[in-house]
Amino acid sequence: MSQVNRLSQGGRIDRSHQLHFTFNGKPYVGYAGDTLASALLANGVDIVNRSFKYSRPRGIVAAGAEEPNAVVQLGASEAAQVPNVRATQQALYEGLTARSTNGWPNVQRDLMGMVGKLGGTFMPPGFYYKTFMAPASLWMTYEKYIRKGAGLGRSPAEPDPDIYDHLNQHCDVLVIGAGPAGLAAARTAARSGARVILCDEQETMGGSLLGSRERIDEAPAAKWVDRVLDELGSRDNVTLLPRTTANGYHDHNFVTLHERRTEHLADSAPTFGSRRQVRSRLHRVRARQVVLATGAHERPLVYANNDVPGNLLAGAVSTYIRRYGVVPGRKLVLSATNDHAYRAALDWHEAGREVVAIVDARANPKGDLVAKAQSLGIRIITQSAVIEAKGAERVSGARVAKIDAKLFSVIGKVEELACDTLASSGGYSPVIHLASHTGTRPTWRDDILGFVPGEVKGLTPAGGAHGIYALNDVIRDGAEAGVRATQAAGIDADTDTPALPKVAARQDGEACALYQVPHEKQTMRAPKQFVDLQNDVTAAGIELATREGFESIEHVKRYTAMGFGTDQGKLGNINGMAIAARCLKRSIPEVGTTVFRPNYTPVTFGAIVGRHCRDLFDPERYTALHQWHVEHGAEFEDVGQWKRPWYFPRTVNGKQESMHEAVARECLAVREGVGILDASTLGKIDIQGPDAREFLGRVYTNKWAKLAPGRVRYGLMCKDDGMLMDDGTTSCLGENHFLMTTTTGGAAGVLEWLELWHQTEWPELQVYFNSVTDHWATMTVTGPDARKLLAEVTDIDLDKEQFKFMDWREGTVAGVPARVFRISFTGELAFEINVQANYAMHVWKTLFEHGKKYDLTPYGTETMHVLRAEKGLIIVDQDTDGSVTPEDLGMQWAIGYDKPFSWIGKRALSRPDTRRTDRKQFVGLKPKDPKVVLEEGAQIVFDPKQSIPMVMVGHVTSSYYSPSLGHGFALAVVKGGHERMGDTVYLPMADGMVHEAEIVSPVFVDPKGERQHV
Amino acid sequence: MSDVREFNTRPAGSPGAESPLAWSFQRQGTPPREAKPGVTLREKAFLGHLVLRGGAIVLDEAVRETLGLALPARPNALVQDASGERSIQWLAPDEWLVIVPGGEEFALESQLRQALGQAHFSIVNVSGGQTVLTLRGENAREVLMKSTPYDIHPQAFPVGKGVSTVFAKATVVLRRPAEDTWELVIRRSFADYCYRWLLDAAAEYGVIVER
Amino acid sequence: MFHIYCPYCEEHREEEEFHPKGQAHIQRPEDPEACSDEAWGDYLFFRDNPRGVHHELWVHAVGCRKFFNITRHTVSYEILETYKMGEQPTITAQNLPGKDKQSGVQAASGGWQTVGARPESEALNDASNQGARV
């Protein structure tokens, strides 16, 4: 098919530059400068989709973001698939491949048409609520069926080859929209020296001026656009962002802009040399001031069969003719309520095609454009409207009648006019979406028949966005908005009204209010009058909703699904509200409006994610020894953001150990020889100051008054509700100097906790806290041979009388200054070696050189867990969950009840709830079957024969197989557990199996604790 | 304060030291040389980093005495000596970051402690816990805009400024010691992530890493 | 995404740099042991949730690590002021209406999520009624 609707001249397209594209598998040709929509119209493609609910054929209606029908799936290859693209916003490029998202198997021959017939009764308003209430289990089936029929686009099944990113922007003035108001605002703001960002969603900046018949400074308006853009482009305080949609307006003037950088070039972003370009970018803009110059959307009239292809917005007709050189038909009927719409008829006429009639709802239209139409001999039918379109797959005629808009009735005889295109205009709705995102309430204005943005701090609306439509007024308003915004941003600007270009003032007659056009039949019986084309919401549907008792417009919206499509009801919402108002016999402001949420138009996930994906999804934190672990085959475990070695499988006889085998070997090495753990991830906080000791006494449950330099103590930290929040050892380095360790996951939280108490409750205490987690690397050498090994590489006296359990000493290890702490998380003799992280690898390797003869075994977190659990040592947040007190843990030995200061958590320990004797208490569990390793998280009951739901009395917190003991064992919390030693409890599992276990002491190995003292 | 245990963590001899980026350089390598890189990265490894806490007036005197620099009292200020090798940066009303050539930090700490006597203050050596990356080139600013929400426009971020802020999903101390140079002080454990992020964000402009 | 003025860094920073820590001006009882269980429970668990002016404790976690207070309007999300620890707010629910006019602060009439469904009670929208609980 050739470009039957293309004019031989005119428009902003390059006829010397052909572009080939396919739509639904058929090849077409368009020109550079086309959108996909203009190219489809040029080629005479009427049907672009099937409707969501009724499966009716649909054509292109609009020329911009408000398009409800021409929503397509883009992409030639699987990896390049993009759903939800509005053809009206997609620039044409060579090789573009698009498909309809609705219609199965295709839009021309639609099997769902059968369902469409059904659809009328099949999907009434409230359809989802009525139909799918029960059984809930069938929803998946329903949804699959609806989606297959309706088609909502699909995501690619292959990875996206493109890259996306975020850019953080800051500016004094962000101008959204580069039409006449936005350009004028940006220019005044820019001249003041302010940092200005001007963004516009279209391919080219200029907005309505790109297809305007008006003249500025006695030249075509587009020339003025070029001049302003040249000036703005030459300033380094201005950032111009075309193809960039402001999608979300968030708190405190934080605006997200979605810039499509290469989507007009190809399916995938081009590569320059080895440098792949960013396909789309999310600008996160913090603007001091925002100028909202988003213009207005034209409202279509709601008449019968207003969805048949060939029904367009009047303004869209003008845009296609003037900007793209495309006349989307041969014979036009225009149905209008205002002068501005007359442009469509004038442009159509000037393109050399027939204007059958202008049907004007006003009794006595007058204005410059009306006069012009009259002078051209165009027939104008007054006080009338198109009440119904004829045709199935394309408009074939218009039924026109005299109407009384106030009484909502047809008052004259119906005349039928033959035509193939029906343009309508019911007025203009300011684009207030972004302002709505802030939560402000729009205000209805009778004089412009539309909602304008409510007040938003830091926001200045300009031009059409608040109902100013005449070009000379729009430019003045924009320039003034630029001045106001600049001043509000604190820039010392020239306060004079800037020089304005000359625009001939046009006389426009007053518009009249008309939304739904009356029909001879009642709304419920008339052919369908569509309000929301994307979601197939009709005037009858809204009427039914109000009759069923839905009075709030928000409820009507949800009941009918009006405005729930990807277009957010840009065309239909006001008409819907007007119809609800008519039915409820209220005014539009009384009915109110629904509000809009981000995003204004759909944003690709790529842009939302930016480069926070794949390897960069989340930080991976490494210790100084990470490389060694990788090179020695460690399997890693995520602990917070840290990568910690989990276990080190060896290859034995060409076979790699399982985790079970590796852990068993590592455990026995520690219990019988010597093992080494990278414990660098533990949080470390340096505490200095004369009140450091006092402070420790207040935040820990136990006593710190007498801890001498050279000594280490284990401490428990509670919140003021008495529940354990963290634990760790703290060493006295000097009288006023301590080193606190925290759990790996608790490091940042504990530091903030200490600062919280210091800064808000006890600022008089002289103490400072600083994180030294990353400064020190920590290596734990543990096992009966630990002393022998360490002695080979250190100058510290390791004699057990000189360097006792819970002492620390300083010296060198492998020639590197080190602090060595004799603390144990395994129950064995252990030395924790701390060296500056830059030297850790040297020390670690030296230990291994000397460790060969002792078969020094590196072990990971899994072995660490088994070894500590065998000793009944807790891991905060594994064995506790924020509801466990130190007493519940049986750690009364670590509670300083008689400390003079009422330390954090103390008072709560005497509340009635914490004194209950049936609290869940920390115990050991020994499964009766030695082969059983209980499931962590398994629930515990006292009586396995009771009926379901059983009374659950606790759960397993840690559970492992102990290679030393030769059986499984677990740690658990059980109600009143401390008094139940020796009792049997039961653990019913999901598969019906019930395990039996005995409540025992949580210390399974070396209960007297002798081994760590050797 | 005499009741604080001073400890020189830098060995006297020269056992192999590894900077926080050693593993990254080995694993990632450095990108191939570019004729016209938009961004140039360089690590300034093994410097001496001290965190100073205390009252500004007390510390100022001691810092002038020992370092010959005035303590920056204004928020987010960075001062350097003439060589640019020694610097002090405001981190908080009672906290400053001192960076000096590697090996000077322990002597400096001792001198400061001497000068400060019995005043209430703290000095913490964090030299092993962080490293400095410099970022240069005509696209350095864009790379930073991709990485940090802080406003790095020259009007908002003149030479002599430094802030602690967000960097991708990590944190950074970001400083501008010279017109064409940005310094990122990054934590050791996050260094590899930050490095990979920077290479990825700068790829579009061409990036080289000076070693 | 709030834009928060840190009174210590003396400039606005992005919300990502901060952590919210709940209601401000909650003081730990001087002598906990002398507290009744009820008083201790109040201190631990009970917090205001006003529609309107709220004083909140925040920390500049990624910046200077200092805690400070924010007076925030919970409907408009406007931050009316920030002030250092130990200081008292100059803007409160009681004195807001006057201030409101001066600084262009939106009163709490917005934010009604269901427009058209008439608010059951105008009082719900009236920020000045929140004074009693603060």
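Residue numbers begin at 1 in each chain, while the letters A, B, ... track the order of the sequences. These numbers were taken from a predicted model, which means no experiment stands behind them.
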Heavy-atom closest pair, residues [X] and [Y]:
X: Gln688(A); Y: Ile123(B); value: NE2-O, 2.8 Å
X: Tyr839(A); Y: Gly16(B); value: CD2-O, 4.2 Å
X: Arg284(A); Y: Pro149(B); value: NH1-CB, 4.3 Å

Mind checking whether Tyr150(B) and His170(A) have ring centres under 6.0 Å apart?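 When the ring centroids of Tyr150(B) and His170(A) are compared, they turn out to be at least 6.0 Å apart.
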Would you say the ring centers of His612(A) and Trp197(B) fall short of 6.0 Å from each other?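 Yes, close enough.
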Look at [options] and state which one has the largest set of heavy-atom pairs under 4.5 Å with chain A.
options: Asn8(B), Leu144(B), Thr148(B); result: Thr148(B)
options: Gln155(B), Arg187(B), Glu34(B), Glu142(B); result: Arg187(B)
options: Pro11(B), Ser189(B), Gly129(B); result: Ser189(B)

Region of [X] in contact with chain A, defined by heavy-atom distances below 4.5 Å:
X: Thr131(B); answer: neither
X: Ser127(B); answer: both
X: Gln130(B); answer: neither

Where along residues 201-211 of chain B does a heavy atom come under 4.5 Å of chain A, listed by residue number? Ala201(B), Ala203(B), Glu204(B), Tyr205(B), Gly206(B)
Residues 42-52 of chain B vs chain A, non-hydrogen distance cutoff under 4.5 Å, contacting residues -> Phe46(B), Val51(B)
Any side-chain donor near an acceptor of the partner, Asn770(A) and Glu95(B), under 3.5 Å: yes
Judged by modelled atom types alone, do Asn838(A) and Arg10(B) share a side-chain donor-acceptor pair under 3.5 Å? no
Below 4.0 angstrom, N of the basic side chain to O of the carboxylate: do Asp151(B) and Arg195(A) qualify? yes
Nearest 0.5 Å please: distance from the CZ atom of Arg5(B) over to the CG atom of Leu733(A).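 Here the interatomic distance stands at 9.0 Å.
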